[in-house]
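Data block below; observations after.
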There are 2 protein chains.
Amino acid sequence: MDGHVTNSSLSNLPLLCRFCEGRRNGICAVLTPAQLLEISRHSSRRQLAPGEKIVAEGEEISSYHNVLRGVVALSKTLSDGRQQIVGLRFPSDFIGRPYGDESDLAAHAAVETDVCSLSRERLDRMAFEVPDLGRRLHRQALKELDEARDWLLTLGRKTAKERVASFLLLIAAGAEPLPRNATGFELPLSRAHIADFLGLTIETVSRQMGALRRSRIIALEGSRRVAIHDAEGLRRAAALG
Amino acid sequence: MDGHVTNSSLSNLPLLCRFCEGRRNGICAVLTPAQLLEISRHSSRRQLAPGEKIVAEGEEISSYHNVLRGVVALSKTLSDGRQQIVGLRFPSDFIGRPYGDESDLAAHAAVETDVCSLSRERLDRMAFEVPDLGRRLHRQALKELDEARDWLLTLGRKTAKERVASFLLLIAAGAEPLPRNATGFELPLSRAHIADFLGLTIETVSRQMGALRRSRIIALEGSRRVAIHDAEGLRRAAALG
DNA sequence: CGATAAATTGAGCCCAATCAAGGCAAGTGG
DNA sequence: CCACTTGCCTTGATTGGGCTCAATTTATCG
């Protein structure tokens, strides 16, 4: 629906964009080579260590970002320190909040992560001039809205076990580009991050992981590597279907 | 930033739009009289009784809506019946999810409500042709996203008392157009709806309202009318500031 | 290998859910 | 006008799921 451009040969593309995920599935997919060149002049690729901050809560934003590799956690914090992760961004996802006003999120790399940082001002201007880009950003916002609302149901109404099961399904599904093989996949979040995402404590997450393992729905190898043995059982445990 | 139109005299406007809130603050604010006329040809005003359904979960959507009066609750339901209200729409708010795919919400009038129903197909087409309208819808989505993320923090990390206090602040602030006077304001939701919004049970909501009353932070007149006696205390009780 | 952080496990407690009873206001029919 | 119903809310007693605090165990990394 959006894309109608860029089957052009690699050599037309700015160096920065040639092997970029964002160009294939992200917001850059709707840009022509000329537009890519224009925006790439004000872009830069950055590698982030696990835990590294991308934007702090309340900070003035001057760049947007595309996630190229890794996972970024968006979080909000209460004045007394309680924290909630309100979204996860995976490769080809966009990070940013057009139309400045409001919003007050922190963004941290959850694992080693590459992002492409774009000039906010430039992209805003281009979104104004290129309707397809504006629409692409609109769709991105709607996707995030859908995700946030799904998660509201999870946080408001699901039990600890259901939340953990829902999380595993989310990662298993939404995280295709993450390292995975026959023996399962790698969780891109620590127990502490998972707890912050699920509105639980570390201990409860750990116990529920253990419970899912003991009921043979999943298998664990170390604390990060997960294999789903009974997908149907996991869906049931997540209160789906 | 959006608006650059319509200081035109009332008589230029379609009858339907003349006294409409949506024209002043809603998405219709960016439309010219001619565009309003075009869209209003495929619009109709409806009055909804409390509890009346606007769209069911999973239903195919053929209209968008503007809320003119009252309150609309957007909700999601688990297969076993557990329900979560994921958003409230007040007068001048837009109800709808452009770009069809995904999203699976029910919408119910919480109180007696007037909505203006617009042809989805027409508005989609107009949003494609009128950049300002597309941007207005984009901003609307971002506003909803901000709200959803605030609520994620509330549902994930706040206690029952903090949730109830947060809810009262939300209504007191966001519901300016609702009936109010010196003795406070009218809650637009029943205890059951409040519970569904806060991820609590009716009984807990009732108890926490009682607790806030006993600590002289609010006063209750019947079960619907609320007066805030100690705004600062309420903010503290909501874990803000 | 030792040091330090991360994850698991256990014991006890507390907040909110559950179960159950009763109050209150509006409507209905005799 | 009063008995009765019905829907909504409040209050009480009890239970239980998830939190807290604390002790190990297991990864991770110099």
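So you know, we letter chains A, B, ... as the sequences are listed, proteins then strands, and number each from 1.
Comparing K158(B) and R191(A) by the nucleotide of DNA chain C whose heavy atom lies nearest to each, the residue mapping closer to the 5' end is R191(A).
Put simply, CD on Q208(A) is 13 Å from C1' on dG16(D), counting in whole angstrom units. For R157(B) and dC19(D), the CZ to C1' distance is 11 Å, given to the nearest whole Å. Between the CG atom of L212(A) and the C1' atom of dT8(C) there is a distance of 15 Å, rounded to whole Å. For M209(A) and dT8(C), the CE to P distance is 7 Å, given to the nearest whole Å. The CG atom of L187(A) sits 13 Å away from the C1' atom of dA7(C) (whole-angstrom rounding). In this structure, CD1 of I194(B) is placed 11 Å from C1' of dC9(D), rounded to the nearest angstrom. Protein atom CD of E221(B) is 12 Å distant from nucleotide atom P of dA25(C), rounded to whole Å. If you measure from atom CG of D196(A) to atom P of dA6(C), you get 13 Å, rounded to the nearest angstrom.
Residue I202(B) has its side chain nearest to dT10(D) when only dC19(D), dT10(D), dT9(C) are considered.
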Reading nucleotides 21-30 of chain D from 5' to 3' and marking B where a protein heavy atom lies under 4.0 Å of the base, S where only the sugar-phosphate is that close, and - otherwise, the string is B---------
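Across every non-hydrogen atom of G70(A) and V111(A), the tightest pair is CA-CG2, 3.8 Å. The heavy-atom pair separating R149(A) from K76(B) by the smallest distance is O-CD, 3.6 Å.
Formation of a donor-acceptor pair under 3.5 Å by the R23(B) side chain with backbone atoms of C17(B) is found in this model.
A 4.5 Å side-chain heavy-atom check between D230(B) and E232(B) finds at least one atom pair inside the cut-off. Contact annotation: the side chain of Q208(A) never approaches that of I194(A) to less than 4.5 Å [non-hydrogen atoms, C-beta and beyond].
Between dC19(D) and T204(A), a contact under 4.0 Å exists linking OP1 or OP2 to a side-chain N or O. An OP1 or OP2 oxygen of dC9(D) is reached within less than 4.0 angstrom by no side-chain nitrogen or oxygen of S206(B). The phosphate of dA17(C) (OP1 or OP2) has a side-chain N or O of T201(B) nearer than 4.0 angstrom.
Residue G51(B) is out of contact with every strand shown, counting any heavy-atom pair closer than 4.0 Å.
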How far apart are the C-alpha atoms of K143(A) and R139(A), what are their side-chain angles, what is the distance that settles it, and do they pass the side-chain contact (heavy atoms from CB on, under 4.5 Å) test? CA-CA 6 Å; K143(A) 177 186 153 215; R139(A) 289 175 76 105; over 6 Å; no
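Ring orientation note: the planes of F197(B) and F167(B) are nearly perpendicular, at an angle over 60° on the 30°/60° scale.
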